[in-house]
Amino acid sequence: MEKNNHQPLIVANWKMHKTLAEASGWLDELLSHDLSNKDLVIAPSFTLLNFIKDKITNTKISLAGQDCSSLSSTEGAFTGDISAMMLADVGCKYVIIGHSERRKYYQESNLVIKDKISQAHQAKLIAIVCVGENLSARENGNYKEFVWQELESGLPSTVNFENTIFAYEPIWAIGTGKTADIEQIQEMHEFLSKQLQNLFKKSLQIFEQTPKIIYGGSVNEENANKILSANYVSGLLVGGASLNANKFYQISKSI
Ligand code: PGA
């Protein structure tokens, strides 16, 4: 198996960007195009979720949270937290979990990430679980071990290939303008696909046979098509370039 049959997915990860007015202008521009048959996801700040949900009601675009609480309560005295249930309530289908920026700036451990994924599944959200090696692991040559250890130790028992999407995002390629080359992307996606199939072989009769693994790290309108055509790549997680509606539309044309 080289290519898989997943419908490709393109996720716009806005990170901590955009006011209501900016989000509105972005949506007006994107929605002026024909987007039928495209699986697009917008992951805006929490403050924009409800507004965007109303704007995309009659489209195929889905909504994602950028994070959720790891606590096992759906509500409670946890100042600043947003539960997975709340994301589902506002119309999210997905939630990004374990992004390297959360790991770096909030010291999120694999254990915390595991709890977050499990909360996402309880709320019937699809978890987009991010993993990726740092530059030293890439240079030392132990990048596969690094990524697999990070991924495997953060997976709760609720995971299957329908409720979880895996995102390979080499840290050294995020926001740096340095994209991993196609061989590097293909090598890691193939490795993760085989490892995951092996890990989940008992449940493969019931669920999807192959994991959906998307790539992120300096994706733009020029490299999107090539990355998406690589073996084992089921979609893209786009940060910086997704902030511009026209660039995001150009990227979406690769599916
Ligand atoms: P980037 O971010 O496209 O700006 O590199 C990707 C991500 O962090 O999801």
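Because only heavy atoms are used, hydrogens play no part in the values below, and waters and symmetry mates are left out as well, while side chains stay in. Numbers here simply count residues along the sequence, with the first being 1. Order of appearance sets the numbers: ligands from 1, and atoms from 1 within every ligand.
Using a 4.5 Å cut-off between side-chain heavy atoms of Ile, Leu, Val, Met, Phe, Trp and Tyr, with links allowed through other members, L30 and I10 fall into the same hydrophobic cluster.
Per-residue contacts place H99 under 4.0 angstrom from the following atoms of ligand 1 (heavy atoms of the residue considered): 7 (C), 8 (O), 9 (O). Listed by atom number, the atoms of ligand 1 under 4.0 Å from N13 heavy atoms are 9 (O). Atoms of ligand 1 found under 4.0 Å from any heavy atom of G217, numbered from 1 in the order shown, are 5 (O). Here is the list of ligand 1 atoms found below 4.0 Å of a heavy atom in A173: 5 (O). Within ligand 1, counting atoms from 1 as listed, the ones closer than 4.0 Å to a heavy atom of E169 are 6 (C), 7 (C), 8 (O), 9 (O).
Of the heavy atoms in I174, both backbone and side-chain atoms come closer than 4.0 Å to ligand 1. Proximity of A241 to ligand 1, defined as any heavy-atom pair under 4.0 Å, is not found for any part of the residue.
For the ligand labelled ligand 1, residue S218 lies inside the 4.0 Å heavy-atom shell.
Protein heavy atom closest to atom 4 (O) of ligand 1, with residue, atom name and distance, is G240 N, 2.8 Å. Atom 2 (O) of ligand 1 has its closest protein heavy atom at K15 NZ, 3.2 Å.
Contact between Q186 and N231 at its shortest, heavy atoms only, is OE1-N, 3.0 Å. Nearest heavy atom pair, residue E150 against residue N110, reads O-OD1, 3.5 Å.
Some N or O of G175 is nearer than 3.5 Å to an N or O of ligand 1, by distance alone. Between G239 and ligand 1, at least one N/O pair is under 3.5 Å apart.
Side-chain atoms of N223 come within 3.5 Å of backbone N or O of N220 as a donor-acceptor pair.
Judged as a ring pair (Phe, Tyr, Trp, His ring centres under 6.0 Å), and not counting sequence neighbours, H17 has no contacts. Scored by the salt bridge (charged side-chain N to carboxylate O under 4.0 Å, His left out) test, D89 finds no partners at all (sequence neighbours excluded).
With a 6.0 Å radius and a threshold of 12 heavy atoms from other residues, nucleotides or ligands, K247 has its NZ atom at or below the threshold.
A salt bridge links R102 to E108: one of the charged nitrogens lies within less than 4.0 Å of a carboxylate oxygen.
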